[in-house]
Amino acid sequence: MGSFGRLARRAVETEMPIMVKMQQLIRGAKDAMSLAQGVVYWQPPKQALDKVKDLVWEPAISRYGADEGMIELREALLKKLLVENNLHKSSVVVTAGANQAFVDLVLTLCDAGDSVVMFAPYYFNAYMSFQMTGVTDILVGPGDPKTLHPDADWLEKTLSETKPTPKLVTVVNPGNPSGTYIPDPLLKRISALCKDAGAWLIVDNTYEYFMYDGRKHTCIEDDHILNIFSFSKAYGMMGWRVGYIAYPTDVPGLTDQLLKVQDNIPICASIISQHLALYSLEVGPQWVTDQVKDLVKNRTLLLDALSPLGPDAVRGGEGAIYLWAKLPDQYKDDDFSVVSWLAHKHGIAVIPGSASGGPGYIRISFGGMREEQTAIAAARLKKGLEQLVKDGMVH
Ligand SMILES: Cc1ncc(COP(=O)(O)O)c(C=O)c1O
């Protein structure tokens, strides 16, 4: 048996992260600009960074902390959950980002072989988290073709007809990669269907503050609901790695099982990062909203860049930092070639929809660059798409 045969199936049979492929693609394409990675261009609030700078010599910063997170941060988060998210009876575990929060939950709630439900287009890391923990029976439901909202009728049928009943359903709100927002009544219907079926519901609220055109983000709470949040995008803290789970306090045993998983992955989120998270929370949500409102200009630039694809090709932009666009029909099975061509020929990187269960589409992020840079990237994208539509992938 060669060395390949000695690697774990859980890893070998998991998709290759699209971001790793994209990093390779961008390195190989001269001077490519990226509209690929889901990032924001801002740094954490200056006041918060200044305070953190003074902490590095304190011994406690270099020690382990409580698995569930620093008490002061958890207290601040409980207050935030109450005031901003209307979550009254949740407990909190602080994690090393929302991705780690998701893995914690999959390991806590699912056994290998369980079936789970997500909706296309889905968040690729959530899909991979299932795959690599042995939860390989992943039922992918359709989104409404016009709104990309999860199809609740399909969910109702699937939860009642699949035996054994799927263990867990997950949605991202607002969506990555869809960039659309699940309205409150639909979220409540999904929750009620899960509750009736005895399935858990994980809602990933990473982009809670990224709402446009007067839309308002809402959360729901019940004993079968787990809410995930992140400091990464809102406070520009991607590299600091802080997220958290709001979970139902009244479910017997849930805290204990969650802490077992937490203790075996990060032990605790980085202590200095938790301090930065706390100071950032003190600066408050208005700071985040002020950063987010400028993204509308980037969205406008990129909507124009996507116009060669036709008037009905683009979705998203309601929330999060994404537009989701349909390529001409002949590229349905080959979106990665188009992405690779755009990077090499036109110096612009976007994500292929096939990475999210949406072949033939591309995901464009409008958060990663300031307006001036976005304008340059948008011009490259528009030129590339005009050529794609008119002449194909000319080399
Ligand atoms: C929906 C969603 N969840 C989680 C994450 C990861 O966030 P974090 O940096 O907090 O791990 C991302 C990042 O792109 C995301 O889009």
Side-chain angles (χ1 to χ4, degrees), residues 15 17-23 34-44 69 73 77 92-106 118-130 143 148 150 169-182 187 201-211 217 219 226-246 262 265-266 268-270 273-274 276-277 280-281 288 292 295 316-324 349-351 353 355-358 363-368:
E15 303 304 283
I18 185 61
M19 288 324 305
V20 174
K21 282 200 212 166
M22 291 308 300
Q23 283 155 14
S34 178
L35 297 167
Q37 196 161 20
V39 290
V40 295
Y41 61 77
W42 54 84
Q43 284 186 284
L73 177 58
L77 287 173
V92 169
V93 171
V94 180
T95 58
N99 270 6
Q100 193 242 308
F102 194 82
V103 174
D104 269 10
L105 289 177
V106 176
M118 56 202 315
F119 290 89
Y122 50 72
Y123 174 44
F124 31 78
N125 278 112
Y127 192 86
M128 286 188 282
S129 299
F130 289 133
L148 297 183
V169 175
T170 185
V171 293
V172 180
N173 196 31
N176 174 5
S178 68
T180 57
Y181 178 64
I182 305 176
L187 192 60
L201 173 63
I202 302 181
V203 185
D204 182 336
N205 302 284
T206 288
Y207 300 98
E208 61 178 318
Y209 297 113
F210 294 74
M211 300 288 290
H217 177 268
C219 279
L226 299 300
N227 279 294
I228 291 178
F229 299 88
S230 172
F231 280 88
S232 289
K233 323 283 165 155
Y235 288 98
M237 280 180 54
M238 283 120 338
W240 293 83
R241 313 303 306 130
V242 188
Y244 51 104
I245 304 168
Q262 174 78 352
I265 308 184
C268 61
S270 151
S273 300
Q274 293 192 56
L276 181 63
S280 296
L281 272 185
V288 181
V292 168
L295 294 180
E318 292 175 2
I321 47 178
Y322 304 112
L323 295 164
W324 179 250
V350 297
I351 297 266
S356 299
R363 186 197 81 172
I364 301 93
S365 166
F366 54 86

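All ligand and atom numbering here is 1-based and tracks the order in the structure.
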Checklist entry - For atom 15 (C) of ligand 1, which candidate among F102, Y123, F229, F124 provides the closest heavy atom? => result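 Looking at heavy atoms only, Y123 sits closest to atom 15 (C) of ligand 1.
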Item to check | From N173, D204, V172 - option closest to atom 2 (C) of ligand 1 by heavy atom | outcome: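 Shortest heavy-atom distance from atom 2 (C) of ligand 1: D204.
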Checklist entry - Identify the closest protein heavy atom to atom 6 (C) of ligand 1: which residue and atom is it, and at what distance? => result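 Nearest protein contact, heavy atoms only, for atom 6 (C) of ligand 1 is N99 OD1, 3.3 Å.
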Next on the checklist: Would Q100 count as a polar contact of ligand 1, with the cut-off being nitrogen or oxygen pairs under 3.5 Å?
Outcome noted: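 Looking only at distances, the answer is no, because the N/O contact criterion of under 3.5 Å is not met.
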Next on the checklist: A98 versus ligand 1: do any nitrogen or oxygen atoms come within less than 3.5 Å of each other?
Outcome noted: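 Among all N and O atoms of A98, at least one is under 3.5 Å from an N or O of ligand 1.
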Next on the checklist: Can you tell me which portion of R241 lies within the under-4.0 Å heavy-atom range of ligand 1? Options are side chain, backbone, both, or neither.
Outcome noted: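 Under 4.0 Å from ligand 1, R241 contributes side-chain atoms alone.
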Checklist entry - Counting only heavy atoms, which portion of F231 has something under 4.0 Å from ligand 1: side chain, backbone, both, or neither? => result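 For F231, no heavy atom sits under 4.0 Å from ligand 1.
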Checklist entry - What about the rings of Y181 and Y207, do their centers lie closer together than 6.0 Å? => result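 For Y181 and Y207, the ring centres are not under 6.0 Å apart.
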Next on the checklist: With heavy-atom distances below 4.0 Å as the criterion, list the atoms of ligand 1 near Y207.
Outcome noted: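 Counting atoms of ligand 1 from 1, those under 4.0 Å from Y207 are 1 (C), 13 (C), 14 (O), 15 (C), 16 (O).
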Next on the checklist: With heavy-atom distances below 4.0 Å as the criterion, list the atoms of ligand 1 near S232.
Outcome noted: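 Close to S232: 8 (P), 9 (O), 10 (O).
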Checklist entry - Taking all atoms of both residues into account, what is the closest heavy-atom pair of I321 and V39, and its distance? => result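 It is CD1-O, 3.7 Å.
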Next on the checklist: So which atom in W324 and which in G353 form the shortest heavy-atom distance, rounded to 0.1 Å?
Outcome noted: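 Heavy atoms of W324 and G353 come nearest at CH2-CA, 3.5 Å.
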Does some side-chain heavy atom of [Y] sit less than 4.5 Å from a side-chain heavy atom of [X]?
{"X": "S232", "Y": "R241", "answer": "yes"}
{"X": "V92", "Y": "L73", "answer": "no"}
{"X": "R363", "Y": "S356", "answer": "no"}

Checklist entry - Heavy atom of K233 under 4.0 Å from ligand 1? => result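 Heavy atoms of K233 do come under 4.0 Å of ligand 1.
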Next on the checklist: Under the side-chain contact (heavy atoms from CB on, under 4.5 Å) test against I202, which residue among I228, N227, I245 passes?
Outcome noted: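 Between I202 and the candidates, side-chain contact (heavy atoms from CB on, under 4.5 Å) is satisfied uniquely by I228.
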